[in-house]
*Asks:* 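I'd like to ask you about the structure that follows.
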2 protein chains.
Amino acid sequence: MEQLATNRDEAADARARGWLSGAGLRPTRQRRALALLLVGDGRDRHVTAESLFEAARETGERVSLATVYNTLKSFTEAGLLAEITVDGARSYYDTRVQDHAHYYWEPDGRLSDATTSPLGIEGLPEPPEGMEIARVDVVIRLRPARTGTPEA
Amino acid sequence: MEQLATNRDEAADARARGWLSGAGLRPTRQRRALALLLVGDGRDRHVTAESLFEAARETGERVSLATVYNTLKSFTEAGLLAEITVDGARSYYDTRVQDHAHYYWEPDGRLSDATTSPLGIEGLPEPPEGMEIARVDVVIRLRPARTGTPEA
DNA sequence: TTAAGTGCAAATTATTTGCAGTAAG
DNA sequence: CTTACTGCAAATAATTTGCACTTAA
């Protein structure tokens, strides 16, 4: 068990380090810690600066909120994360960087992936002359269904 | 000409008033002024609080910025406007309230309609159990094309 | 009248930045 | 060594709010 845990930790750590080095970012203690939280388990994550800051300090890491903000920005500029804006206030960061739709759960302000497939928007209009599509943001806002599933 | 201008103004004013009363909102001086700017000419508009505030004071209207913010919020709650979030900072308000895709012009931070038709997203995933889709936000981010039209 | 709407200025929220200290290459 | 990174605390930016005043119904 100990061994397994250690192995798993080492694998996660290796993944985090590779993630950083692959983008040419200095593997500082803070960045490694945040990278570990973001991609350590290989699953996709959607975080806000605040939520990642919380997660970090829950593991006992010493990181300042400003650094979390700056780090998320660096990661995004390096192409490691995608920034998603939903509410006008908070910014969400997604470890899955290719275009894909998101669910925004209005009740609890959470963000999650809407599909596993790369999404097919059929009616996508042609970009105007001299312009190209940098990215397509699709946010599907969810609210509790009023009909269908009875609340009883 | 005088006559025509007056007629046009009256028509615009009537439209603005009808727009407000249709939503059961009190037609105060400030609201009528803002409504006039928003729907006076019957065309769709995309504004920010700041841009509408500017537009208002350019016509000589006395409206405070706070009131513009509050008014845009009221209009949105009344279903007269749709709020669109693009950059995480600014909020845009659209006089066209049904779901439709938007172009976001990265170079100048402007927002415009992407299509005239209601947009067909084919691959839209089914909403999760107990949830329904409140709205689908689609923002197509445009940047200057690097290829295609030569810059010479 | 009287509750809703308005205008300040102060308060909030999310994020950025300046700068002195710390650490990676 | 030397340049990038980090951590505060202060600065911004967009938006909201408290409260006295005004106005539409």
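Numbered from 1 within each chain, the chains take letters A, B, ... in sequence-line order. Quick note: numbers below take in every heavy atom, side chains included, and nothing from hydrogens, waters or symmetry partners.
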*Asks:* Show the atom names and distances, to 0.1 Å, of all donor-acceptor pairs under 3.5 Å that link a side chain in residues 49-56 of chain A to residues at least two apart or in another chain.
*Replies:*
{"from": "A:S51", "atom 1": "OG", "to": "A:T48", "atom 2": "N", "distance (Å)": "2.9"}
{"from": "A:S51", "atom 1": "OG", "to": "A:T48", "atom 2": "O", "distance (Å)": "3.1"}
{"from": "A:S51", "atom 1": "OG", "to": "A:T48", "atom 2": "OG1", "distance (Å)": "3.4"}

*Asks:* When the distance from CZ of A:R62 to P of C:dG21 is rounded to whole Å, what number comes out?
*Replies:* 18 Å
*Asks:* Can you sort out the partners of A:R17 under side chain to side chain donor-acceptor pair (under 3.5 Å), two or more places apart, ordered by chain and number?
*Replies:* A:D13
*Asks:* Please report, rounded to the nearest Å, how far the P atom of D:dC8 is from the CZ atom of A:F53.
*Replies:* 9 Å
*Asks:* Side-chain polar contacts of residues 65-73 of chain A - donor-acceptor pairs under 3.5 angstrom, sequence neighbours left out - could you list them?
*Replies:*
{"from": "A:T67", "atom 1": "OG1", "to": "A:S64", "atom 2": "OG", "distance (Å)": "3.0"}
{"from": "A:N70", "atom 1": "ND2", "to": "A:A66", "atom 2": "O", "distance (Å)": "3.2"}
{"from": "A:T71", "atom 1": "OG1", "to": "A:T67", "atom 2": "O", "distance (Å)": "2.6"}

*Asks:* Please name all residues satisfying ring-ring contact (aromatic ring centres under 6.0 Å, His included) with A:W19, sequence neighbours left out, ordered by chain then number.
*Replies:* A:F75
*Asks:* Test A:E61 against every option in A:R32, A:R29, A:R31 by the salt bridge (charged side-chain N to carboxylate O under 4.0 Å, His left out) rule and name the one that passes.
*Replies:* A:R29
*Asks:* Whole angstrom is fine here: how far is it from CD in A:E77 over to C1' in D:dC5?
*Replies:* 14 Å
*Asks:* What does the inter-axis angle of the helix from C:dT12-D:dA14 to C:dG25-D:dC1 come out as, five pairs per end, nearest 10 degrees?
*Replies:* 30°
*Asks:* With a 4.0 Å limit, can you tell me whether B:T67 has a side-chain N or O closer than that to the phosphate oxygens OP1/OP2 of C:dG7?
*Replies:* yes
*Asks:* Run the side chain to side chain contact (heavy atoms under 4.5 Å, CB included) test against B:A134 and tell me which residues pass, sequence neighbours left out.
*Replies:* A:E106, A:R141, A:R143
*Asks:* Can you list the residues that meet the side chain to side chain donor-acceptor pair (under 3.5 Å) rule with B:S91, with sequence neighbours excluded?
*Replies:* B:E83
*Asks:* To the nearest Å, how far apart are B:F75 CZ and C:dG5 P?
*Replies:* 10 Å
*Asks:* With sequence neighbours left out, write down each residue that passes side chain to side chain donor-acceptor pair (under 3.5 Å) with B:Y104, or none if nothing qualifies.
*Replies:* B:D87
*Asks:* Any chance you could list the contact pattern along nucleotides 9-25 of chain D? Use B for base contacts, S for sugar-phosphate-only contacts and - for none, protein heavy atoms under 4.0 Å, 5' to 3'.
*Replies:* B----SBBB------BS
*Asks:* Quickly work out the B:L34 CG to C:dG5 C1' distance and round it to whole Å.
*Replies:* 12 Å
*Asks:* Is the shortest side-chain N/O distance from B:R31 to OP1 or OP2 of C:dT6 below 4.0 Å?
*Replies:* yes
